[in-house]
Number of protein chains: 2
Amino acid sequence: MQANTKRSTIKEVASAAGVSTQTVSRVVNGRPDVSDETRVRVQQIIKDLGYRPSAIARSLIQQRSFTLGVVTAGLKYIGPSRTLNGIASAAEAAGYSLLLKELAHFHANDVIPQLNALYAMHVDGIIWAVPEIGDNRAWVNDLSIDLPIPILYLAMEPREGVSVVSINNYQGGRIAVEHLVEQGYRHIGHISGPLDWWEARQRMAAWKDVLTEAGIVVQDHHQVEGNWSSSSAVPAFEKLYNQYPEMDAVFVSNDQMALGVTQFACQKALRIPQDIAIVGFDDIAEAAYFTPPLTTMHQDQHELGTVAVQEVIKIIEANQSGIEIEESQTIVLTPTLVIRESSLRQKEVDRK
Amino acid sequence: MQANTKRSTIKEVASAAGVSTQTVSRVVNGRPDVSDETRVRVQQIIKDLGYRPSAIARSLIQQRSFTLGVVTAGLKYIGPSRTLNGIASAAEAAGYSLLLKELAHFHANDVIPQLNALYAMHVDGIIWAVPEIGDNRAWVNDLSIDLPIPILYLAMEPREGVSVVSINNYQGGRIAVEHLVEQGYRHIGHISGPLDWWEARQRMAAWKDVLTEAGIVVQDHHQVEGNWSSSSAVPAFEKLYNQYPEMDAVFVSNDQMALGVTQFACQKALRIPQDIAIVGFDDIAEAAYFTPPLTTMHQDQHELGTVAVQEVIKIIEANQSGIEIEESQTIVLTPTLVIRESSLRQKEVDRK
DNA sequence: CTGAAAGCGCTAACAC
DNA sequence: GTGTTAGCGCTTTCAG
């Protein structure tokens with residue numbers, strides 16, 4: 001039992017045990033070249049003194065911290081949190097600690113201080129998990145902030161010379177809209193996310209392409225922009241419905257907005273999916289319990305995080321052992337369609 | 001522009017500038033006792049070499065890291081994420097970094113390694129943000145893991161000799177149920193969270209107490225246990241409804257479960273709130289867009305996090321300047337009622 | 001205003 | 001098996 005006052009050092013353990021600090025170090029690190037007798041004695045003293053080795057002193061000398069830096073934003077939303085969850089569990093499994101920085105805003109482009117702060121803490125690698133918005137990626141190719149450690153980018157448009165792990169939003173959008181087309185819908189509107197978001201543009205582009213390929217003419221007034229929130233979707237859908245009254249289905253760029261659409265439709269006595277079919281994106285936990293349950297694109301943000309961790313660590317280990325590996329890898333995960341009631345062409349029997 | 005290869009040191013800067021490392025240190029730390037000429041020259045060289053001071057070397061010598069350890073669990077749920085969000089923004093504002101550990105399970109009680117890992121990284125304080133479940137707090141009073149740094153506990157039953165920042169779940173439960181009683185409901189059921197959770201027990205106790213005080217007899221079959229998820233609420237509510245058919249209102253221990261209840265009610269053609277009123281707990285972003293919009297207890301988990309950070313830092317700074325402060329403070333935040341349609345006694349006019 | 005020496009807590013490399 | 005020496009990158013202390 002140690003006193004709750006100060007950190008005990010390897011030196012104190014050494015002198016209490018009557019050995020050198022070196023021997024204590026060997027015991028702590030489980031090296032084989034210590035006699036059993038010594039080992040046991042030292043271990044006992046370590047316990048008695050409540051000695052806990054200093055990881056940062058070790059980092060300093062080994063030039064290796066077994067720590068990963070993570071820069072994120074918008075943790076109050078479930079998407080970024082699920083990704084962080086994946087990062088945290090993979091890091092834990094790999095024996096790495098996590099140093100977390102959250103940007104105050106998604107748009108923040110004063111990123112240099114964040115990067116420097118992480119580097120100052122000797123992180124072995126960095127995962128940049130802030131979504132790509134507007135020009136907040138302009139700095140990526142700025143060599144002046146080049147760090148001697150790997151940086152892995154999440155949820156970003158793949159780029160030359162940069163490691164990226166991403167979800168294929170374009171493909172996801174295609175699958176969603178193709179599903180609606182297959183169900184027989186021909187007047188398919190779109191509520192997009194904010195169009196300065198790369199992900200929103202990808203999903204919208206897919207919507208356009210699939211319809212065009214199906215021989216359906218896409219016009220500007222078939223689409224309205226939301227801001228990802230349920231509240232934004234209510235006026236957005238109202239506007240869309242007014243300017244596109246033939247609309248019989250809508251691809252909504254995330255589930256929160258789909259919820260807003262659902263509420264509005266309910267108020268206007270529009271039946272889902274008989275009068276208007278809905279497909280969302282994300283597959284949040286609540287989607288299965290909307291009224292009616294929401295068809296949506298499931299994206300595995302948890303896995304996005306775990307893959308990211310595995311990739312940085314792969315690069316770190318490779319650098320460590322001097323192996324040259326291809327610098328910039330790009331990994332893309334594809335979302336999957338989860339079909340629920342909100343998008344199903346009803347059979348005659350279903351119409352009461 | 002430095003080469004993307006290795007960390008440059010204070011020594012390199014010093015010799016390149018023709019000064020001592022001491023002088024470089026003074027420049028880096030903005031000390032006044034350097035001539036302007038020297039300062040400018042050194043700053044230029046720092047830039048040229050891409051020198052970034054090592055925070056861990058500094059931590060080692062100053063015995064102070066300006067880093068907080070955070071232990072959390074369940075980041076895939078929105079509650080813990082919102083708290084982490086609050087922690088992160090407050091830490092950023094105070095100039096502290098965050099070292100994050102996520103427990104694989106809520107129940108994990110092998111906490112010593114987590115604590116030790118954080119301490120090994122020289123964190124200045126720890127925020128324990130894992131909910132209190134079963135006996136996963138048994139270790140709190142175990143002196144053998146006493147650390148020489150402050151630990152602040154979140155969302156835990158207040159205890160002697162321990163600093164706690166918590167949300168008053170009992171009070172929140174009372175407010176929720178009192179609202180239903182005021183609306184005129186007399187047959188109020190309860191779907192609780194898992195009863196090994198302290199928070200679930202608190203809310204349930206409040207439900208019992210308020211009804212009893214109102215002269216309403218509470219019986220065992222008026223309550224059913226869920227597991228916080230929407231899916232658990234469907235069979236839970238079905239069972240509750242069968243065994244308590246007079247029930248005209250239900251206090252559900254979180255919003256996800258309230259959503260499950262909503263869906264089931266809708267399928268059974270039970271109208272909300274005419275046939276069954278619902279009050280939830282949490283005020284998740286989606287709650288305002290349920291059909292009908294959900295009355296719920298808003299708990300400010302973001303603030304829970306910011307307050308926690310401010311408290312640990314207060315203790316840290318006090319210890320630092322040798323001031324003795326009362327060791328164990330308890331701060332309790334109270335949730336607020338957000339009234340929406342799901343709980344309103346309808347006027348005649350509202351009934352079509 | 002600037003520098004030299006010592007050392008934070010630990011481990012690599014080498015001796016014995 | 002175990003100890004000694006040196007030093008990771010920085011700051012504190014004390015001289016000048």
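Chain letters run A, B, ... following the sequence lines, proteins first and then strands; every chain starts at 1.
With distances taken from any side-chain atom of B/D33 to the nucleotides C/dT2, D/dC8, D/dT11, the minimum falls on C/dT2. Closest approach to the A/R26 side chain among C/dG9, C/dC14, C/dG3 is made by C/dC14 (side chain taken as heavy atoms from C-beta onward).
Within the 4.0 angstrom heavy-atom criterion, no nucleotide atom of any strand lies near B/R64. If you check every strand for non-hydrogen atoms under 4.0 Å, A/T38 touches sugar and phosphate atoms only.
A/Q62 has its CD atom 18 Å from the P atom of D/dG7, to the nearest Å. A straight line from CD1 of B/I61 to P of C/dC8 spans 9 Å, rounded to a whole angstrom. Going from atom CZ of A/R39 over to atom P of D/dG1 covers 10 Å, rounded to whole Å. With rounding to whole Å, B/I10 atom CD1 is found 15 Å from D/dG7 atom C1'. If you measure from atom CE of B/M121 to atom C1' of C/dC10, you get 14 Å, rounded to the nearest angstrom. Summarising the geometry, the separation between CD1 on A/I46 and P on C/dG9 is reported as 16 Å, rounded to the nearest angstrom. Protein atom OH of B/Y51 is 7 Å distant from nucleotide atom C1' of D/dC10, rounded to whole Å. Taking atom CD1 of B/I56 as the reference point, atom C1' of C/dC10 lies 11 Å away to the nearest angstrom.
OP1 or OP2 of D/dG3 has at least one side-chain nitrogen or oxygen of A/T23 nearer than 4.0 Å. At C/dG9, none of the side-chain N or O atoms of A/S54 fall inside 4.0 Å of OP1 or OP2 (strictly under the cut-off). For B/S35, a side-chain nitrogen or oxygen approaches OP1 or OP2 of C/dT2 to under 4.0 Å. For A/K11 and C/dG7, the shortest distance from a side-chain N or O to OP1 or OP2 is not below 4.0 Å. One finds no side-chain N or O of A/R58 lying less than 4.0 angstrom from the OP1 or OP2 phosphate oxygen of C/dC10. Within the structure, every side-chain polar atom (N or O) of B/T9 is placed at least 4.0 Å from both OP1 and OP2 of D/dC8.
Closest heavy-atom contact between B/L99 and A/S97: CD1-CB, 4.3 Å. Nearest heavy-atom pair, A/V19 versus A/T38, reported as atom, atom and distance to 0.1 Å: CG1-CG2, 4.0 Å.
For the pair B/R41 and A/V24, both in contact range of DNA chain C, the more 5′-proximal nearest nucleotide belongs to B/R41. Taking for each of A/Q22 and B/N29 the nucleotide of DNA chain D with the nearest heavy atom, the 5'-most of the two is the partner of A/Q22. Residue whose closest nucleotide on DNA chain C sits further toward the 5' end, between B/H122 and B/S20: B/S20.
Relative orientation of the B/W139 and B/Y153 rings is tilted, given thresholds of 30° and 60° on the angle between their planes.
Using a cutoff of 4.0 Å between basic side-chain nitrogens and carboxylate oxygens, B/R64 and B/E317 are scored as salt-bridged. Ionic pairing of B/R7 and B/E12 is not present here: no N-O contact between side-chain nitrogen and carboxylate oxygen is shorter than 4.0 angstrom. Salt bridge B/E132/B/R159: present, at least one basic N to carboxylate O contact under 4.0 Å.
Between the side chain of B/R52 and the base of D/dG9, no donor-acceptor pair of N or O atoms lies under 3.5 Å.
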